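First the structure, in the form of structure tokens, and then the observations on it.
Fair warning: this is a prediction, and the values are worked out from it, not measured in the lab. Every number for a ligand or one of its atoms is a count from 1 in the order of the listing.
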Amino acid sequence: MSTLHLVDHPLIQHKLSIMRNRKTGSKDFRELLSEIAMLMGYELTRDLPLEDIQIETPICKMTAKTISGKKLAIVPILRAGLGMVDGLQKLVPVAKVGHIGLYRDPETHMPVEYYCKLPHDIEDRIVILVDPMLATGGSACDALAMLKSHGCQNIRFMALVGCPEGADRVMKEHPDVDIYIAAMDERLNENAYIVPGLGDAGDRIFGTK
Ligand code: PRP
Ligand code: URA
């Protein structure tokens with residue numbers, strides 16, 4: 001059974017409130033999203049396994065810790081997930097980055113796939129799937145299914161704002177995937193937008209509306 005991690009550190013809540021404000025422009029919105037992604041990444045990587053290595057400090061030899069085992073991959077769902085990549089890359093600069101392109105059909109709200117490019121060894125990596133919004137859960141579920149069809153077995157999903165409908169759907173369809181989220185909002189409206197939410201994340205990042 002997957003675990004839903006609510007990453008609601010005061011700094012994250014403060015920054016998210018600024019992002020939600022309709023008066024906040026694209027530049028600030030992008031910077032805050034990147035900062036929150038980095039702060040959430042700190043929590044998401046908390047359980048990465050460590051191993052001992054031998055090093056020599058200027059003073060003496062010592063046994064020190066280093067991250068062991070699998071390497072990481074960051075996979076944003078286009079477009080809005082792009083806004084979370086650089087914050088995570090600051091934490092894990094060696095992570096490879098894949099891209100999954102999905103957009104929601106405005107009438108049906110169903111995700112439509114238009115792009116998929118993943119690192120060649122994606123099945124050997126711990127994958128962090130990122131998208132700021134978890135609304136119906138359709139996009140996240142499709143992206144997770146695509147990753148699994150490429151052999152991924154160790155996937156975490158990171159979103160900024162979600163709602164019970166989307167979280168329930170991801171946990172039901174992908175019980176092996178842990179979810180990291182900064183806020184669980186009330187519900188979806190008639191257009192499948194999150195209430196109160198922050199509006200259309202892609203448009204606010206890229207200034208397209
Ligand atoms: C948004 C968001 C998610 C999706 C969430 O993308 O970034 O990918 O909607 O909705 P869901 O949980 O109901 O699937 P959108 O389709 O607006 O595309 P964009 O990022 O290109 O703007
Ligand atoms: N996509 C968004 O960008 N915002 C929502 O509230 C729902 C889907």
Side-chain angles (χ1 to χ4, degrees), residues 2 4 6 15-34 36-37 40-41 74-88 97-118 127-148 155-175 177-209:
S2 61
L4 192 141
L6 188 65
K15 290 173 192 290
L16 177 57
S17 298
I18 302 172
M19 292 180 72
R20 288 183 189 273
N21 190 330
R22 64 184 306 166
K23 292 182 182 157
T24 299
S26 286
K27 177 177 179 291
D28 289 342
F29 191 92
R30 276 196 305 275
E31 287 173 4
L32 290 160
L33 179 58
S34 172
I36 293 178
M40 291 183 74
I74 304 163
V75 178
I77 301 177
L78 308 179
R79 292 176 296 171
L82 286 173
M84 302 172 86
V85 174
D86 71 326
L88 285 171
V97 180
H99 296 87
I100 291 178
L102 295 172
Y103 72 88
R104 283 202 324 180
D105 181 284
E107 304 295 327
T108 65
H109 309 136
M110 299 281 285
V112 182
E113 180 191 335
Y114 61 90
Y115 190 72
C116 181
K117 181 79 178 173
L118 301 171
V127 179
I128 309 173
L129 178 69
V130 295
D131 189 330
M133 308 309 282
L134 174 59
T136 66
S139 303
C141 283
D142 275 22
L144 290 167
M146 287 166 72
L147 289 169
K148 288 179 182 177
I155 315 172
R156 298 151 193 222
F157 175 59
M158 189 168 112
L160 190 61
V161 180
C163 62
E165 292 94 324
D168 289 350
R169 180 167 170 188
V170 173
M171 287 195 285
K172 192 165 163 223
E173 291 188 25
H174 297 281
V177 175
D178 274 11
I179 302 173
Y180 293 77
I181 202 155
M184 183 66 79
D185 278 9
E186 287 164 25
R187 62 184 168 87
L188 294 174
N189 69 12
E190 58 285 3
N191 298 316
Y193 273 81
I194 297 172
V195 180
L198 48 71
D200 187 304
D203 284 340
R204 295 199 65 189
I205 292 168
F206 297 108
T208 39
K209 211 170 238 175

Original post:
Just distances here: any N/O of I194 and N/O of ligand 2 closer than 3.5 Å?
Top reply: yes

Original post:
A135 to ligand 2: N or O pair under 3.5 Å?
Top reply: no

**OP:** Closest by any non-hydrogen atom to atom 14 (O) of ligand 1: pick that one out of S139, C141, G81.
**Re:** S139

Original post:
Taking only heavy atoms of A201, which atoms of ligand 2 are found under 4.0 Å from at least one of them?
Top reply: 2 (C), 3 (O)

**OP:** Out of M133, R79, H109, M110, indicate the one that has the non-hydrogen atom closest to atom 5 (C) of ligand 1.
**Re:** M133

Subject >> salt_bridge(R79, D203) N-O dist < 4.0 Å >> reply: yes

Original post:
Would you say ligand 1 has an N or O under 3.5 Å from any N or O of T136?
Top reply: yes

Original post:
Any donor and acceptor pair, going by atom type alone, linking the side chain of R104 with main-chain N or O of A192 inside 3.5 Å?
Top reply: yes

Original post:
How far is atom 15 (P) of ligand 1 from its nearest protein heavy atom, and which residue and atom is that?
Top reply: R104 N, 4.2 Å

Original post:
Taking the non-hydrogen atoms of P132, is any one of them nearer than 4.0 angstrom to ligand 2?
Top reply: no

**OP:** Please could you name the atoms of ligand 2 that A192 approaches to less than 4.0 Å, counting only its heavy atoms?
**Re:** 7 (C)

Original post:
Taking N or O atoms only and a 3.5 Å limit, does A135 qualify as a polar contact for ligand 1?
Top reply: yes

Original post:
Is there a heavy atom of G137 sitting under 4.0 angstrom from any atom of ligand 1?
Top reply: yes

Subject >> G199 neighbourhood, listing ligand 2 atoms whose heavy-atom distance to it stays under 4.0 Å >> reply: 2 (C), 3 (O), 4 (N), 5 (C), 6 (O)

**OP:** Run the contact test for R104 against ligand 2 with a 4.0 Å cut-off on heavy atoms, strictly below, and give the result.
**Re:** yes

**OP:** Identify, for atom 3 (C) of ligand 1, the protein heavy atom at the shortest distance, and state residue, atom and that distance.
**Re:** D131 OD2, 2.9 Å

